[in-house]
Each structure stands twice: as C-alpha cells, then as structure tokens.
Amino acid sequence: MTAEFSADEQKRLAAFFTNLDRSTFGLKLPQEVAGALFSRYSRSTKSLRRTFLDEFLGDPALGLSDLLSGQTDPADDSAALKKARAFYERVLVGYGDDSVAQLGGAHLACENISNVAAKLLEDARIGIAPLEKSTRYVRFDQKDAAGNYLFYREPKIMASRHRDAYVEVMNLLFNTYSRQMEPMLEFVAQSLPIEQLEVRDPSSGKSLNYDDAKRDDRLRRWAETAYRATVRAHACDVLRSYLPAATLTNVGMFGVGQAFEYLVSKLYSHELSEAKALAGAMHGELNQLIPSFVKRAQLNEYLVATTAAGETLAAGAVKLPPVNANEPVTLIDHDAHAEVNIIAAILYSHAHHPLAQLREVAAAMSGAQRRKILEEYFGKRRHRRDKLSRAFENVYYTFDILGNLGLYRDLHRHRILTQERQDFTTVHGYDTPPEIEEAGFKTEFDHCMKRAAELYEEIYSDLPSEAQYVVPFAYKIRWYMKMNLREAVHMCELRTMPQGHPDYRFICQEMWRKIQSVHPTLAESGKFMDWEKYRLGRLQSEMRTEFKKSVFEK
C-alpha cells in the first residue's frame, strides 16, 4: 500500500490504529468515537484514517489530543472521554442513531441471577452474544458465606404466605443434589469403568482399549484425566434435574449498543421483579461504558400493553383444556415445494433470470435431475463445519417441542431461528434420568418432584409468573422452534455429537426424523447426524482437550 501519511501524521495516528500501512486495520478508540467516525466515513470519499486525521483528531470539541501517546486511558471517565461522548451526540443529529448504535458495544457480566432471568437475557437473538455458567462443569452444591444455598429469593414470594414453603422446598432440592453428588460420581465410575471404554489416541486417531493405552504413560495420563472429567460431567448432567429455575447462575455478554438498549427496555417492561431490577443494574453499568448508546432505554408502554393484552386474549379465546399431547417433537408445518425452492435459489446466484422463472425451471425437472443437483451440495461436505449455502434457507420447518427445562436451556442458545416458550411449569410431568433409578434414588427423586409440583400449584394461585422459580430442570416445558433447513442441519448435527447431553441429542434426532418423513431427499443434507446412543460420550472430547493442553504446556 502506498504511503498515505507523512511521518508527523503517522506519529499522531499511531495511538489510535493497529497499523497505518495496510488496508485492513483495527481501531483503538472510545466506542462513541468509533461509531461517529464510521458514520462520517460512510459519507466521505476519504479513507477512514484520513477522515479521522482531518476531521476528528484536530477537533477541539472532541479532545482526542489528550488521548495521544497513552497519556490518558481511552476507557476511563476522563474529560477527554466526556468530550468524545458529547461529540457523538452531536454527530447523531446528522447521521441518525440506529445504525451508529450498532457500531459500538460493551462486555457485561450479570452474576448471581436466576435461571429465569438468564433465559430473559439469552432471549436476545441479534446483537448479543451470551455465555452462561455451565451446569455440566460446575457443581451447584456450594453455599454462600452465611451458609445458604445459591437460589434466588424472589421478593414477592418471600413477602407472601409461601415464604417458608419456598425456602423449605428449595433447600430440599439443593440438599438432595448435594447429598447425591458423591454417590452418583461413584455409581457412574463403577457402572462404566475406564477399563471397559475405548480410548482413542488424539494425536494418531488410533483406537485402543485402556490396557493397551496405559502402556504409553502420556496416553494413560490423558485418558485418566479425561475420564475423571467425563465422569464428573455425567454426574452433573444427571443431578441437574434437581436444580430449580431459581438456581443462581452467571451470564457474560458482549453486545452492540442498539441491542443492549432494546434488551434493557424489555427487562424494564417485564412483569417479574428480578427483570426490572436487572434492567436497572445493567443500565447503570452500561451508562459507565457506552452511555450514549443506551440513553433511550426505558420502560416500553407498548411491550407492557401487548403482554397484558396477550394474556387477556388467551384467557378469553382458549376455553378448552390442553390436548394431552406427550409427543416430544411435533412437526407443525413445512414447505410443500421445498426442493423446487432450494434448486431455484441455487441457480439464482449463477443466472440472470427472475426467481419466479427459475422456480418454473426447477419444477419442470425430473426427480432424478433435482436429486443430482442436491447431491452435489450434500456429497461434497467433508465435516459438519462445511456449511450449506444460503439457498437452503428457502425451506422452513416449525416444531412444537415438549422437553425438560434442562435440555431447553441448551437448545435455547441457537439464535438463527424463531423460537418462543411458554412459562416454566410442572403441569407436563418430568423426565427421570435412568441413572437416578439405577443408582437407587428414584423414590427420593419422585418425592422431590412431587414437593416442587405441590408448591408450584400453591404459588401459582397467587403469583403465576413467580411460580416459575420453583420448577426443577427435570420438568417438561413447551416451546416452538421455526427454522430453515440450513439452520436445522447446523443445530441437529452439532447437538447430536457424542459429547452432547442425551436429552437434547434425542430431541434433535427426533426433529431430523420428522424432516426425513416429509423431505427424504433433503434430509440427506444432514450427513453428519449422529444416531448412536452413548454413555460417557464426552470421553473422546476430553481426551482431545488433554492433548491440546499438553501441546501448549511444551
């Protein structure tokens, strides 16, 4: 790239960009300044660094000279940063704020929130990237400094006649979880001893039994460490069924300003006290990080009104009791012209014809011709990370799913689709992990589930929304997912991997069976679906992790 800047200009710019001589570079600027700069850049013939040099760096209203050469931390609340934020506000007048608010973001941690609140945060699909504390790798038998288990004391419940019963049942669930942890670890290890498992050398891919593997000290060490981690994860997977939705968790997020503004507004407008409190807490922290981006976050009367209207309409319109449908996955609708629509979309990006004409061309093809085209896309995939093209977004499926709250938490993370859940409830019954029964804990498990259901009904009569906090992860809830074929391939291949939880592996396998039943040819796109059942399916994944660790330790 030809030198664009003089020696003096390079010296002035160096503090704000990752390089000055390449076409791809990063910005080291306050979020508001970066957003404003991109806005101006979109309406200029100049390069971005030239725009910054000519129109931003020398602007006394912006005060960026104070940030030169590391004299001031761009992330602090200095006078220079305050000037930057004021400048951003001025730029918004000329360029509009919705698009600019997508150009800056923040990292935020929300700790000690309930699983109910965590799902509200993770409902945000666009512009927010969340990561939640794992129930698989972290034990939930800890207590706080006062000796209390870590569950949310919902204010309305704690101020009601249900207070004592709520605390009693929550402690029952956590006590049982804690007491059964060590016996469950022992049971899992005894039922599937390492000597009976296949060990795959992560460096060579060779499969060995443990007796052969342990002759290599390095391989034995990897295998034993991976086995302990797998047994722990499996025990946690089983016992998470006891955990109530009130269980405290942590969620870390990165989000763009526009997404945070809408999320905070939604939380302010929610009926749950925890949501409102979380909105205020998040807003306060975001005001320290990206205040200009979230200045309009507030209670949204439209959201409040439509939520209330929906509850009233449902109560008035749905008079019949729910059908006793226990099918875990129901395919509600699908596209009748799926193959035609996909093939027309495949042709579209390589032709100059209107889409309607290409659909006519695809419809006139024989089944064999269409299959040959599709096989070109399916057959050449080498692994699940070879993604199908956007053409496969032209076919949609809607699934109504009945599954336990624990597995819902995992499938809920998928964002490139439409999904909506009903409130957490105990009315659909619960799943009992087979290990609970095999280990001799079923009577105690059933007792815990019964106590939780009784308490749920009692609280629901007074506080229907707040009753959700009582629901253990074992109980089934209902939600729907509408997705295109491309997303269905991604989700179902990912979630049926051996290391996946058996519950959501089953749901994704059932979803794919439904697709096979209506579109058998298109179902061949799921080339890397795993249909097997596994016990300690995480072992090989943990082995690979141990191998990678050893590489970094060298």
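Bear in mind the structure is a predicted one, so any value in this text is a computation, not a measurement.
A cation-pi contact, defined as under 6.0 Å to the ring centre and within 45° of the axis, links Lys143 to Tyr149. Taking the ring axis of Phe140 as reference, the NZ or CZ atom of Lys133 stays within 45° of it and closer than 6.0 Å to the ring centre.
Between the OH atom of Tyr242 and the CZ atom of Phe473 there is a distance of 14.5 Å, given to the nearest 0.5 Å. Atom-to-atom distance recorded for Glu466:CD and Glu274:CD is 10.5 Å, nearest 0.5 angstrom. Distance check: Asp503 CG to Leu405 CG gives 11.5 Å after rounding to the nearest 0.5 Å. The CZ atom of Arg409 sits 7.5 Å away from atom CD of Glu122, with the distance rounded to the nearest 0.5 Å.
Taking the six-membered ring for Trp and the full ring otherwise, the centers of His334 and Tyr397 sit at least 6.0 Å from each other. Aromatic ring centroids of Tyr456 and Tyr460 lie under 6.0 Å apart. The aromatic ring centroids of Phe151 and Tyr469 lie 6.0 Å or more from each other. Between His162 and Tyr166, the ring centre distance reaches or exceeds 6.0 Å.
Donor-acceptor pairing under 3.5 Å is recorded for the side chains of Lys387 and His490. Side-chain contact, His428 with Asn326: no donor N or O sits under 3.5 Å from an acceptor N or O. Side chains of Thr418 and Lys482: a donor-acceptor N/O pair is absent below 3.5 angstrom, by distance only. Donor-acceptor pairing under 3.5 Å is lacking for the side chains of Gln509 and Thr496. Between the side chains of Asn394 and Asn484, no donor-acceptor pair of N or O atoms lies under 3.5 Å.
Looking at Met511 and Ile515, their side chains never come closer than 4.5 Å, going by heavy atoms from C-beta outward. The shortest distance between side-chain heavy atoms of Glu311 and Glu271 falls below 4.5 Å. You'll find the side chain of Leu173 reaches within 4.5 Å of the side chain of Met170, heavy atoms only.
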Start with the C-alpha distance between Trp479 and Gln422, add both sets of side-chain angles, then the distance that settles side-chain contact (heavy atoms from CB on, under 4.5 Å), and finish with yes or no.
CA-CA 6 Å; Trp479 75 100; Gln422 298 174 353; over 6 Å; no
#### Entry: Worked verdict on Lys380 versus Asp386 for salt bridge (charged side-chain N to carboxylate O under 4.0 Å, His left out)
CA-CA 9 Å; Lys380 287 183 168 58; Asp386 281 339; over 6 Å; no
Notebook entry, point to check: Can Asp446 and Lys442 be said to form a salt bridge (charged side-chain N to carboxylate O under 4.0 Å, His left out), step by step?
Noted result: CA-CA 6 Å; Asp446 288 342; Lys442 188 173 188 305; 2.6 Å; yes
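Side chain of Tyr408 to backbone of Ile401: no donor-acceptor contact under 3.5 angstrom is found. In this structure, the side chain of Arg381 does not engage the main chain of Leu388 through any donor-acceptor pair within 3.5 Å. Of the possible donor and acceptor atoms, none in the side chain of Glu285 sits under 3.5 Å from a partner among the backbone N and O of Leu108. Asn300 places no side-chain N or O within donor-acceptor distance of the main-chain N or O of Ser265, the cut-off being under 3.5 Å.
Taking both residues in full, the closest heavy atoms of Met483 and Met491 are given as CE-CE, 3.8 Å, listed atom of the first, atom of the second, then distance.
Just one residue in the list Val471, Val470, Asn115 forms a side-chain contact (heavy atoms from CB on, under 4.5 Å) with Phe424, and that residue is Val471.
Ion pairing of Arg505 with Glu532 is absent here, as no side-chain N (NZ or NE/NH1/NH2) approaches a carboxylate O to less than 4.0 Å. Under the 4.0 Å criterion applied to side-chain N and carboxylate O atoms, Asp410 and Arg240 are assigned as salt-bridge partners.
Annotation for Tyr302: atom OH does not count as buried by contact number, only 12 or fewer foreign heavy atoms lying within 6.0 Å. Atom CZ of Arg390 sits in a sparse spot, with 12 or fewer heavy atoms from other residues, nucleotides or ligands closer than 6.0 Å.
Below 30°, between 30° and 60°, or above 60°: for Tyr504 and His501 the angle between ring planes is between 30° and 60°, a tilted geometry.
Taking the side-chain hydrogen bond (donor to acceptor under 3.5 Å, both in side chains) definition, one finds that Asp141 meets it with Arg139, sequence neighbours left out.
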